[in-house]
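On a predicted model such as this, the values are computed, not experimentally measured, just so you know.
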Amino acid sequence: MDNASLKHQLLIAMPQMDDPNFEHTVTYMVEHSDEGAMGLTLNRPVSLSLNDILADMDIEVEVPPSEHHQVVAGGPIQQDSGFVLHRSTPRLWDSSIQLADGLCLTTSRDIMEAIALGEGPEATLVCLGYAGWDRGQLEQELAENVWLSAASSPELVLDTPFNQRWQAAAAGLGVDISLIATQVGHG
């Protein structure tokens, strides 16, 4: 499946997507193989702030996180788990993997402690939960034209306002997603 892997790509929900978990979403694909796929939704802000999460983790905040530390619903699976997307830093974290284009994914407590001290990455996207697909499920959804795939960029993942990510991701393909009909005719 190497040639067809969507790893480190974005999945952009087509307007006809009727799953409320993914309607108008952009999802960063962390993994995609013959065994299945895992992604993090980038544009579903939640009412929790990073301060709320730090308090829940019993981490004392010495330097309040800036507006560049955002929290989203990363997907419908394991919503009590946090995944931190951020740019690569010189500091190594206990549980972190390099993604693509200078992005990293960290799941260890030490990054949250560093943010609370003002020593963490300048911008983060904390994703609560993740999206997952069983073997063949994502390929079937792609065949049904419910997703577009596009290249990812750290700017889109971390800097683009939530309410613009869906359109901006599609615009990277040269597509004005607002002009795509929600009903596709088959003739």
Take atom CD in Glu60; do more than 12 heavy atoms of anything else shown fall under 6.0 Å from it? no

(Q) Determine whether a donor-acceptor pair (N or O, by modelled atom type, separation under 3.5 Å) exists between the side chain of Glu31 and the backbone of His8. (A) no

Any side-chain donor paired with an acceptor under 3.5 Å for Thr25 and Thr41? no

Under a 3.5 Å distance rule, please check whether Asn43 uses its side chain to pair with a backbone N or O of His24 as donor and acceptor.
yes

Across all chains, not counting sequence neighbours, the salt bridge (Lys or Arg N to Asp or Glu O under 4.0 Å) partners of Glu144 are none

>> If we count only N and O atoms by modelled type, under 3.5 Å, do the side chains of Glu139 and Trp133 hold a donor and an acceptor together?
In response: no

Checklist entry - Is any NZ, NE, NH1 or NH2 atom of the basic residue among Arg165 and Asp159 found under 4.0 Å from an Asp or Glu carboxylate oxygen of the other? => result no

* Asked: So, the side chain of Asn21 versus the backbone of Pro76: is there a donor-acceptor pair under 3.5 Å, distance only?
  -> no

The salt bridge (Lys or Arg N to Asp or Glu O under 4.0 Å) partners of Arg91 (sequence neighbours excluded) come to none

Count I, L, V, M, F, W, Y as connected when their side-chain heavy atoms are under 4.5 Å apart, and connections chain through other members. Are Leu42 and Phe162 then in the same cluster? yes

Using the rule given for side chain to side chain contact (heavy atoms under 4.5 Å, CB included), can you reason through Ser88 versus Leu103, listing the C-alpha separation, both sets of side-chain angles and the distance that settles it, and then say yes or no? CA-CA 6 Å; Ser88 296; Leu103 283 175; over 6 Å; no

From the list Arg87, His68, Gln70, side-chain contact (heavy atoms from CB on, under 4.5 Å) partner of Leu158 resolves to Arg87

Shortest non-hydrogen pair, Leu99 vs Cys104, comes out as CD1-C, 3.9 Å

| query | Do Leu105 and Met112 share a hydrophobic cluster (ILVMFWY, side-chain heavy atoms under 4.5 Å, transitive)? | reply | no

Considering only distance and modelled atom types, tabulate donor-acceptor pairs under 3.5 Å from the side chains of residues 45-56, sequence neighbours left out.
{"residue": "Ser49", "atom": "OG", "partner": "Asn51", "partner atom": "N", "Å": "3.3"}
{"residue": "Ser49", "atom": "OG", "partner": "Asp52", "partner atom": "N", "Å": "3.1"}
{"residue": "Ser49", "atom": "OG", "partner": "Asp52", "partner atom": "OD2", "Å": "3.3"}
{"residue": "Asp52", "atom": "OD2", "partner": "Ser49", "partner atom": "N", "Å": "2.9"}

Pairwise side-chain contact, Leu125 with Val72, heavy-atom cut-off 4.5 Å (strictly under)
yes

Sequence neighbours excluded, the answer for side-chain hydrogen bond (donor to acceptor under 3.5 Å, both in side chains) partners of Gln167 is none

Output for pair (Arg135 CZ, Glu35 CD), nearest 0.5 Å, gives 4.0 Å

To the nearest 0.5 Å, atom CD1 of Ile177 lies from atom CE of Met14 at 6.0 Å

Do the non-hydrogen side-chain atoms of Leu148 and Leu173 ever get within less than 4.5 Å of each other? yes

Heavy-atom check, side chain of Pro15 versus side chain of Trp166, under 4.5 Å: yes

Closest heavy-atom pair, Ile77 versus Ala131, reported as atoms and distance to 0.1 Å, is CD1-C, 4.2 Å

Thr107 side chain near Val84 side chain, heavy-atom distance below 4.5 Å | no

Glu113 meets the side-chain hydrogen bond (donor to acceptor under 3.5 Å, both in side chains) criterion, sequence neighbours left out, with Arg109

Rounded to the nearest 0.5 Å, the CG atom of Leu40 sits from the OH atom of Tyr130 at a distance of 10.0 Å

The complete set of side chain to side chain donor-acceptor pair (under 3.5 Å) pairs with one or both residues in residues 114-124, sequence neighbours excluded, reads His69-Thr124

Output for pair (Leu138 CG, Leu142 CG), nearest 0.5 Å, gives 4.5 Å

**Asked** Does the side chain to side chain contact (heavy atoms under 4.5 Å, CB included) test come out yes or no for Leu10 and Met29, once each step is laid out?
**Response** CA-CA 6 Å; Leu10 298 175; Met29 296 306 296; over 6 Å; no

Separation between CG (Asp94) and CG (Asp110), nearest 0.5 Å, reads 4.0 Å

*asked:* Side chains of Ser152 and Gln9: any donor to acceptor distance under 3.5 Å?
replied: no

Q: For Ser96 and Thr106, test the side chains for any donor-to-acceptor distance below 3.5 angstrom and give the result as yes or no.
A: yes

Do side-chain atoms of Trp93 reach the backbone of Ser108 as a donor and acceptor pair under 3.5 angstrom?
-> no

Closest non-hydrogen atoms of Ala150 and Ala169, given as atom of the first, atom of the second and distance, are CB-O, 4.0 Å

Heavy-atom closest pair (Ala168 atom, Thr160 atom, distance to 0.1 Å) is CB-CG2, 4.2 Å

Does Pro121 offer a backbone N or O that forms a donor-acceptor pair with the side chain of Thr89 under 3.5 Å? no

Inset, instruction - Check the hydrophobic clustering (I, L, V, M, F, W, Y; side-chain heavy atoms under 4.5 Å; chains of links allowed) and say if Val126 and Phe83 are grouped together. - result: no

Here the pair of heavy atoms bringing Leu85 nearest to Cys127 is CD1-SG, 4.1 Å

Shared hydrophobic cluster, Ile59 / Val61 (ILVMFWY, side-chain heavy atoms < 4.5 Å): yes

_Aromatic plane relationship, Trp147 with Phe22 - under 30° parallel, 30 to 60° tilted, over 60° perpendicular_ = perpendicular

Quiz item: Where do Val175 and Ile12 land on the side chain to side chain contact (heavy atoms under 4.5 Å, CB included) test, with the steps shown first?
Solution: CA-CA 11 Å; Val175 173; Ile12 305 160; over 6 Å; no

message: Grouping I, L, V, M, F, W and Y whenever their side-chain heavy atoms are under 4.5 Å apart, do Met57 and Leu128 come out in a common cluster?
response: yes

